[in-house]
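What you see is a predicted model; the values in this text were computed from it and never measured.
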Amino acid sequence: MPNIKDKSTCDAIAREFCSNGRNKEQALISVGYTKSYARSGYAHTQIYANPGVKAAIAKIDAKMAK
């Protein structure tokens with residue numbers, strides 16, 4: 001399972017999330033999390049509240065806004 005403490009994992013989640021129509025579950029599966037974990041509300045709460053993931057998503061959004 002990917003490590004959310006790793007910056008590359010945060011960046012990968014953000015890239016997948018922003019490129020797939022903002023589907024949280026599919027982004028986590030694409031990065032390597034199991035389907036059961038990706039479907040859990042716990043995963044959505046913990047991962048998408050992570051400061052590294054939030055920052056990576058904000059960076060992509062800012063780049064897309066230009």
Side-chain angles (χ1 to χ4, degrees):
M1 186 178 315
N3 184 352
I4 194 65
K5 293 179 182 178
D6 185 2
K7 183 182 178 331
S8 64
T9 300
C10 294
D11 291 343
I13 291 168
R15 277 192 311 273
E16 287 296 322
F17 176 71
C18 291
S19 70
N20 75 6
R22 298 186 175 261
N23 182 317
K24 291 179 178 180
E25 181 180 324
Q26 189 56 49
L28 295 179
I29 292 169
S30 296
V31 173
Y33 287 96
T34 63
K35 285 183 183 182
S36 60
Y37 183 77
R39 289 182 179 152
S40 72
Y42 176 79
H44 293 220
T45 303
Q46 294 300 310
I47 291 180
Y48 289 98
N50 179 288
V53 174
K54 282 182 163 182
I57 291 171
K59 184 176 178 182
I60 292 170
D61 286 345
K63 186 183 265 188
M64 298 289 278
K66 285 186 177 185

Item to complete: Could you tell me whether the side chain of Asp6 and the main chain of Thr9 form a donor-acceptor pair under 3.5 Å?
Response: no

Worksheet item: Within the distance-only criterion (no hydrogens, no angle test), does the side chain of His44 pair as donor or acceptor with the backbone N or O of Ala49 below 3.5 angstrom?
Response: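 Side chain of His44 to backbone of Ala49: no pair is present.
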
Worksheet item: Mind checking whether Tyr48 and Leu28 have side chains closer than 4.5 Å, heavy atoms only?
Response: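 They are in side-chain contact.
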
Worksheet item: Taking the side chain as C-beta and beyond, is there a heavy-atom pair between Asn20 and Ser30 under 4.5 Å?
Response: no

Find the distance between [atom1] ([X]) and [atom2] ([Y]) and round it off to the nearest 0.5 Å.
| X | Y | atom1 | atom2 | result |
| --- | --- | --- | --- | --- |
| Ile47 | Tyr33 | CD1 | OH | 4.0 Å |
| Ser36 | Ile29 | OG | CD1 | 9.0 Å |
| Ile57 | Cys18 | CD1 | SG | 5.5 Å |
| Lys35 | Gln26 | NZ | CD | 8.5 Å |
| Asn50 | Thr45 | CG | OG1 | 12.5 Å |

Worksheet item: Is it true that atom CE of Met64 has more than 12 heavy atoms of other residues, nucleotides or ligands lying nearer than 6.0 Å?
Response: no

Discussion item. Could you report the tightest heavy-atom contact between Glu16 and Val31, atom names first, then the distance?
Written reply: CG-CG2, 4.0 Å

Worksheet item: Which heavy atom of Lys5 sits nearest a heavy atom of Asn3, and at what distance?
Response: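 For Lys5 and Asn3, the tightest heavy-atom pair comes out as N-OD1, 2.9 Å.
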
